[in-house]
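Data first, discussion second: the structure below is written as C-alpha cells.
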Amino acid sequence: MSPPEPAGYSVLLGRLELALDASGIGSFDWHLATHELIWDDRLCRLFGVDPATFDRRIESFYEGLHPADRNRVRELIGRAIDEVGEYSAEYRVIRPDGTTRWVEARGRVFADADGQPERLIGVAADFTDRHDNWRREQDAVRAEWERAALITAVTRALAEALTLKDVTQVLTGTMRGAIGASALGVVLMESDRLRVIDAVGYDPQVVADFDGVGLTDPRPLAEAVRTRSPLFAGDADTFAARWPDAAEVDGAAWAYLPMVAGGRPVGGFAVRWDKPQPFTSDDRTLLVALGGLAAQSFERARLYDAEHELVAGLQRVMLPRRTDGIPGVSTACRYLPSTDGLQVGGDWYDVIALPSGQVGLVVGDVEGHTAHAAAVMGQLRIGVRAYAAEGHRPEEVMARTNRLLVELETRLLATCCYVALDPVTGDGVVVRAGHPPPIVVRADGAVEIVEAAGGLILGVQDAEYRTVRVHVGPGDALVLVTDGLVETPGRTIDDGLAAVAERAAVGAGDNAERLADRIVEPVGPAGHRLDDVAVVVARRDLGDESRIDEARHPIARGAQGAIGRSRAFVSRTLGRWGIDESVVEPAVLCTSELVTNAIRHGEGLVELALVRYPDRVRLVVEDDSPRPPRVVKAPATSTGGRGLDVVDRLSAAWGSEARGTGKIVWAEFTT
C-alpha cells in the first residue's frame, strides 16, 4: 500500500504541468537498467513524434538528432552517466517533416542504493527563435567587421598608392576582389569628358565606345558623375526599368559611383556583379564611402603625377644628351632614379671634351630626392662643365664648384668626383669631394680602387681639394659611380665598392656599354633602389677600336615615309662604307624596328646614327622619351609586338642608355 500523498501535492503538480505547458518545456526520464526512455507529450511534440506511437528507445532519440550533433550529444550523456553528474547540451532536431529546430536540454543522473547510475531525468526546450536571433546578431557583427576590414584594407592600399596608375590598380584589384565584383571600370574627368583610365572585366569594345563621352551621355555612369549621386540596380529588371536604352549585356547587378572631391566631380567608377545584389543601406553606405576615398586618392595622385613629371622633366633636361664622340675613348653612362618617392633626385653625370684634348668625367650627388635637389643638381652640373671648359685644373674646378654651391645658399650638400683623362697617354688626374673613389678595370682583369685623398663635401665654406694621378692603359676602363650603387642598408661603402669591383672584373675586356650594363645589373632597371644611381664608364680604346666613320640622319616625327627614308639611309651608308650585304640586310631590318618604336612610343626628336669601327657597325636610334625599351613576348597570333625580339635575334648585341632628356637604343653588327 503506497503512502498517502502529502496535502496539496496534486495541486503543486498541476501548477508545474501548467508552467511547463506555458513555456513549452518537455521532460524525459531514461531508465538506464531497462533502457526505457519516457517522454512527456510536450517533448514528443518538440521532436515531431506521436506520443501514442513513440517506441521509448534511446536510439530513436539519437536518430532524431542532426548528424553533425549526434556524436557530441552521445559523449555528453555518456560522461554524465560515468560521473553520476549533470547533463547539459544544445543540439539540432530534424523532425519527420524535414524541419530543423534547436533544443536546449538539461538533466541529472540519479544513482541507486549502491551508488550506480540508475536514471537520467531532465527537461528540454525549443530555443530556435532565440538561436536565430543570436545568429542574426552575430551575422550583423561579422558583416560590420568585414565592412570595417574592407574599408581599412582599401584605405591602407590607397594611402600607399602614389600615382594615378597605383590608385586605379587598387580599385580594379584590391577593392574589386574584396566586394566580390566581376568587373570594375574607372573614368576621370578631363574637360567635361569622361576618360576611361582602366577597366577590368568589361568588353574592350564597350570600353572604347564609352571613352571620351560627355557628361550629357544617357548611360548610368555619366549620369552618376553628372548628378554626383550613386546609382544602383540590384537585378536585370531594375536596370531595364531605370535605363531602358542602356542595356547591359553581361552581369546581374550594377553600381555606379561618382567620385567627388572638394565639391566637384573627379570621375567615377562602374561596378558589376554576376549575381543579383540586395544593396542594403549598409552596402550602399560602404560603396559610397569607397567612392569618397578613391576621389581623394585620385586628387592626391594627380598632384603627385604632375609634380613628378615636372621634376623628372627638369632632371632629364639637366642631364647631358651626348656623351660619346671623343676620339680615343669609348664612354657609356647610366642613370637610374630611386624607386621611392618622386623617383627623381640629385645624382648627375657628364662627359666633357676639354680644350686641352683631354676628356672630363664627372659624377655627383646632391642630397635629397626633391625638385629642389634636381634644380641644384642642374646648376652644379653646368658649373662643373663651365669651369672645366675654361681650362681650370681639376682641383680648381672642384673648388669653384664648391663656392658656387655655398653662394646658392640652398643648405643642401653634395658630393662629386671629377677626372681629367688624356685619351692619348692614358694619364689622368682625380679629385674628389666626399665622393666614392673611381675604379680602374685593367684589360687583364685586375681591378684597382683609386684611393684619391679628396676633400670635404661640396657646400662647405673655404674647402680645399687635393688630386691624385691615375693611369688608364689601352683596353683599361675607368668607372665612376654614385653612392646609390655602393651603399645599401647593412653594407658599408667599402663592401659596396668591392662588390662593384668584382662585377667589373668579370667584364674586363667588354666594351664600355656592356661593362656599364654589368655594373648596374643588380639594381636595375626593374630592381628596387633606395637611392639614385649614376655610372660613367670610360674605356680607353685599343689600337683597332677607334671609330672609323660616323653618319647621322634626323627624323621628323609624323613625316610621311620617315621609316622608308631611314632604311634607305642605312642601306646607302653601309654600301658606301663597303659593308658586306650579309650585314646590311639585318641592319636595315633592325632600323625599321627601332625607328618605328621611337616614333610610336618615344617623344620629341628622333635621330638615327651609324658608327663604323674596324670590326663592327653600331646602329643608334635616339629619342626624347626616358622610358627604357622592353622585350615583349607577343602571342603567336599577334601581328605586332615583336620588334625588340627581332633586334635581339639579328644583332650581335643591343642595349639602351639614358641620355639627358631621353635615351638611345643601339644594336651592333659584326663586320
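- For the pairing with W348, the side-chain contact (heavy atoms from CB on, under 4.5 Å) check across V366, V363, D365, V376 returns one residue only, V366.
- More than 12 heavy atoms of other residues, nucleotides or ligands lie within 6.0 Å of CZ in R576, so this atom counts as buried by the packing criterion.
- Salt bridge R302/E299: present, at least one basic N to carboxylate O contact under 4.0 Å.
- At least one side-chain heavy atom of D645 sits under 4.5 Å from a side-chain heavy atom of R649.
- Electrostatic pairing of R400 and E407 does not count as a salt bridge here, judged by no charged N lying under 4.0 Å from a carboxylate O.
- One finds the CZ atom of R539 at 8.5 Å from the CG atom of L515 (value rounded to the nearest 0.5 Å).
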Show every donor-acceptor pair shorter than 3.5 Å between a side-chain atom in residues 353-360 and any protein atom, with sequence neighbours excluded, or say none if there are none.
{"unit_1": "S356", "atom_1": "OG", "unit_2": "Q358", "atom_2": "N", "d": "3.4"}
{"unit_1": "S356", "atom_1": "OG", "unit_2": "Q358", "atom_2": "OE1", "d": "3.3"}

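- Partners of T482 by side-chain hydrogen bond (donor to acceptor under 3.5 Å, both in side chains), not counting sequence neighbours, listed by chain and number: D347.
- R466 is not listed as a side-chain neighbour of M398, based on a closest heavy-atom distance of 4.5 Å or more.
- Residues S566 and I555 have side chains in contact (heavy-atom distance under 4.5 Å, counting atoms from C-beta outward).
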*Carefully, step by step, assess D198 and K165 under the rule salt bridge (Lys or Arg N to Asp or Glu O under 4.0 Å).*
CA-CA 9 Å; D198 199 9; K165 182 179 179 181; over 6 Å; no
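- E390 is linked by a side-chain hydrogen bond (donor to acceptor under 3.5 Å, both in side chains) to H392, counting only residues two or more places apart in sequence or in another chain.
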